[in-house]
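Here is the structure we will look at, set down as structure tokens.
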Amino acid sequence: MALQVFTAVTGASWEATLVGALDRDAHGVTVVRRCVDVSELLAAAASGTGQAALLSAELRRLDGEAVARLMGAGVAIVGLVEPGDDRGADRLRQLGVSRVLPADTAPELIAQALRDAVAGAPSAGRDIADPRAALPALGTPEVPEAPESGKGRVVAVWGPTGAPGRTTVAVGLADEASRLGVSTFLVDADVYGGVVAQLLGLLDESPGLAGAARLAGSGTLDAAALVRLAWAVRPQLRVLTGLSRADRWPELRPHAVGTVLDEARRLADLIVVDCSFNLEDDEELSFDTAAPRRNGATLAVLDAADTVLCVSGADPVALQRSVRALDDLREALPDAEPVVVVNQLRRGPVPGDPRTEIATAVERFAGRDVGFFLPADRDATDASLASGRTLAEVAPRSPLRTALRSMAATLAGVPAPQRNRRSSLRDRRRAG
Ligand SMILES: Nc1ncnc2c1ncn2[C@@H]1O[C@H](COP(=O)(O)OP(=O)(O)O)[C@@H](O)[C@H]1O
Ligand SMILES: [Mg+2]
């Protein structure tokens with residue numbers, strides 16, 4: 001059966017010729033609907049009558065959200081750009097369209113791309129691992145090159161409800177990594193309202209992540225724009241602040257947040273993302289599948305992350321919440337391998353030696369080892385909160401700062417800092 005295709009290329013000078021040729025010749029493609037705009041295309045996609053869409057970079061109001069909705073409706077996409085329009089090709093890719101061809105490509109190759117897109121085959125424009133991609137084969141259209149993807153690693157700092165210390169860990173981790181010489185990007189992606197700016201004493205009026213997501217949604221985010229939107233807190237630390245008001249969460253569209261992280265990977269070696277706790281898909285109850293999902297951004301971050309930290313408190317209630325949260329995570333993202341960070345470790349709420357007891361409980365109920373323990377250290381966190389400065393600045397020798405620094409070294413893959421001799425001698429004298 002012929003592949004049923006929607007087109008949304010109206011206005012382009014080549015439209016009539018191309019659509020005619022696609023339809024007329026035996027390319028195994030039937031154009032079932034020529035859509036004039038994005039809304040018509042989305043409505044057609046929702047009707048389930050087509051498997052693929054051919055759209056042009058010039059299509060008005062095309063954004064990442066529309067692309068995500070098309071894909072969500074099971075419609076594979078091939079983008080067309082005016083020959084030589086590299087910017088248009090980049091924009092389409094940023095919106096999530098990986099297969100982009102110049103509009104003067106032969107109709108049979110466009111039909112082939114549509115079939116490949118439906119089959120989910122890797123797109124030639126991206127597959128740099130395939131040596132054939134380097135050979136200019138006869139008749140192969142010149143595909144505008146996909147930009148090289150960045151190398152930075154994304155660490156998502158997530159955890160259950162109950163304020164286990166996600167933000168404290170995210171800020172500490174980013175600050176310490178930057179002090180160890182790692183170029184670091186801290187992103188506040190808490191969809192229930194971000195406080196990273198406040199913790200760092202930034203008088204924040206900037207659009208931050210929401211602004212970056214807006215540009216990403218329209219396909220116009222690039223490194224320069226991301227740098228403009230972020231605060232340069234220290235030479236190696238940039239910060240993209242979060243939502244100043246929790247009710248602005250619809251501005252953090254999942255696809256756009258993913259694109260922001262992709263761009264951040266090109267700017268920094270380590271990207272630390274402060275996430276919300278919730279993974280629940282409350283919108284499952286709603287029949288409007290296109291409704292924005294509050295927790296979608298959190299899932300997008302966890303899905304994109306190279307490392308997911310699950311920050312847990314160190315008392316029985318907090319641990320139980322973490323076990324449940326880890327269950328939810330397994331259900332939402334079965335491939336994620338979260339690293340458990342037990343924060344606020346202290347004697348008292350858990351009988352016996354808290355490290356051993358907690359490690360045993362986490363292993364038994366969540367099937368995970370504890371990756372890191374961080375001590376309860378109210379003096380240090382209070383000093384930091386009171387001054388809007390980081391632990392390294394206000395409590396450089398505190399136990400929490402020391403633990404965060406060695407965790408940052410491990411996660412960033414740099415040598416652990418040597419404690420300076422004088423302070424370790426002093427500690428020994430004190431202890432003795
Ligand atoms: N290791 C710790 N020792 C003492 N207090 C901590 C520690 N970690 C976090 N806190 C405090 O706990 C509270 C909640 O931390 P926060 O990082 O905002 O949690 P979350 O982001 O998970 O909601 C804050 O007042 C913070 O200073
Ligand atoms: Mg927080």
Side-chain angles (χ1 to χ4, degrees), residues 155-176 186-202 204 208-209 239-246 249 252 272-279 294-295 297-298 301-302 308-315 317-322 324-326 328-329 338-350 354-355 358 370-408:
V155 175
V157 185
W158 167 82
T161 180
R166 293 175 308 253
T167 305
T168 306
V169 170
V171 170
L173 191 58
D175 186 45
E176 297 302 339
L186 172 62
V187 180
D188 185 343
D190 192 331
V191 290
Y192 292 85
V195 295
V196 166
Q198 203 184 338
L199 273 188
L200 290 173
L202 305 172
D204 192 39
L209 177 59
V239 178
L240 201 54
T241 57
L243 297 178
S244 51
R245 289 176 32 184
W249 65 265
L252 300 186
V272 178
V273 192
D274 184 13
C275 299
S276 305
F277 55 95
N278 204 346
L279 298 183
R294 184 170 204 156
N295 302 318
T298 311
V301 174
L302 298 183
V308 174
L309 299 184
C310 174
V311 179
S312 172
D315 60 75
V317 172
L319 287 163
Q320 173 137 21
R321 283 185 175 141
S322 301
R324 259 188 243 143
L326 287 165
D328 293 345
L329 179 65
V339 174
V340 177
V341 178
V342 173
N343 184 32
Q344 313 206 30
L345 184 74
R346 60 201 182 278
R347 287 191 180 279
V350 175
R355 270 180 190 251
I358 290 172
V370 174
F372 303 91
F373 284 102
L374 299 170
D377 190 349
R378 199 70 251 190
D379 289 347
T381 54
D382 277 353
S384 160
L385 286 170
S387 59
R389 291 156 73 198
T390 62
L391 295 172
E393 290 164 326
V394 298
R397 279 187 265 283
S398 62
L400 181 57
R401 191 263 161 139
T402 311
L404 279 166
R405 187 166 53 161
S406 90
M407 178 169 135

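Every heavy atom of this structure was used, including side-chain atoms; hydrogens, water molecules and symmetry mates were not. On a predicted model such as this, the values are computed, not experimentally measured, just so you know. Counting convention: from 1, in listed order, for ligands and their atoms alike.
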Response to the item:
Among non-hydrogen protein atoms, atom 22 (O) of ligand 1 lies closest to Arg166 N, 2.8 Å

Worksheet item: For Gly165, is at least one N or O under 3.5 Å away from an N or O on ligand 1?
Response: yes

Practice prompt. For atom 24 (C) of ligand 1, find the nearest protein heavy atom and state the residue, atom name and distance (0.1 Å precision).
Written response: Arg378 NH2, 4.1 Å

Discussion item. Minimum heavy-atom separation for Ala314 and Ile358, please, with both atom names.
Written reply: O-CD1, 3.6 Å

Fill in: Protein contact of atom 10 (N) of ligand 1 - nearest heavy atom, named by residue and atom, plus distance
Gln344 NE2, 3.8 Å

Worksheet entry | Closest approach of Pro164 to Asn343 (non-hydrogen atoms, all atoms of both residues) | O-ND2, 2.8 Å

Fill in: For ligand 1, the portion of Pro375 having any non-hydrogen atom under 4.0 Å away
backbone

Worksheet item: Is it the side chain, the backbone, both or neither of Val195 that has a heavy atom closer than 4.0 Å to ligand 1?
Response: neither

Item to complete: I would like to know whether Val239 and Thr241 meet side chain to side chain contact (heavy atoms under 4.5 Å, CB included); could you show each step before the answer?
Response: CA-CA 6 Å; Val239 178; Thr241 57; 4.2 Å; yes

Practice prompt. Please confirm whether the backbone N or O of Val317 pairs with a side-chain atom of Gln320, one donor and one acceptor, at under 3.5 Å?
Written response: no

Worksheet item: Which of the atoms in ligand 1, numbered in the order shown and given with their element, are less than 4.0 Å from a heavy-atom of Asn343?
Response: 1 (N), 2 (C), 7 (C), 8 (N), 9 (C)

Worksheet item: Which protein heavy atom lies closest to atom 18 (O) of ligand 1, and at what distance to 0.1 Å?
Response: Thr167 CB, 4.1 Å

Discussion item. Determine whether a donor-acceptor pair (N or O, by modelled atom type, separation under 3.5 Å) exists between the side chain of Arg294 and the backbone of Trp249.
Written reply: no

Discussion item. Among all the protein's non-hydrogen atoms, which is closest to atom 26 (C) of ligand 1, and how far away is it?
Written reply: Thr168 OG1, 3.7 Å

Practice prompt. Please could you name the atoms of ligand 1 that Leu400 approaches to less than 4.0 Å, counting only its heavy atoms?
Written response: 1 (N), 2 (C)

Worksheet, complete the sentence: atom 4 (C) of ligand 1 sits nearest the protein heavy atom Asp377 N, 3.4 Å

Worksheet entry | Leu374 touching ligand 1 at heavy-atom level, < 4.0 angstrom | no

Worksheet item: Counting only N and O atoms by type, is there a donor-acceptor contact under 3.5 Å from the side chain of Asp188 to the main-chain atoms of Val195?
Response: yes

Worksheet, complete the sentence: The protein heavy atom nearest to atom 6 (C) of ligand 1 is Thr381 CG2, 3.6 Å

Worksheet entry | Ala170 touching ligand 1 at heavy-atom level, < 4.0 angstrom | no

Item to complete: Please indicate whether any nitrogen or oxygen in Leu385 is less than 3.5 Å from any nitrogen or oxygen in ligand 1.
Response: no

Response to the item:
Heavy atoms of Arg166 and Phe277 approach each other most closely as NH1-CB, 3.2 Å

Fill in: N, O or S from Thr167 under 2.8 Å to the Mg ion (ligand 2)
yes

Fill in: Under 3.5 Å donor-acceptor, Arg378 side chain and Ala376 backbone
no

Worksheet item: Quick one: does Ala376 get a heavy atom under 4.0 Å from ligand 1?
Response: yes

Worksheet item: What do the steps show when you test Val196 against Thr167 for side chain to side chain contact (heavy atoms under 4.5 Å, CB included), and what is the final call?
Response: CA-CA 7 Å; Val196 166; Thr167 305; 4.0 Å; yes

Response to the item:
Nearest heavy-atom contact between Gly172 and Leu404 is CA-CD1, 4.0 Å

Worksheet item: Are any non-hydrogen protein atoms located under 4.0 Å from atom 13 (C) of ligand 1?
Response: no

Fill in: Trace of the side chain to side chain contact (heavy atoms under 4.5 Å, CB included) decision for Val191 with Asn295
CA-CA 7 Å; Val191 290; Asn295 302 318; 4.3 Å; yes

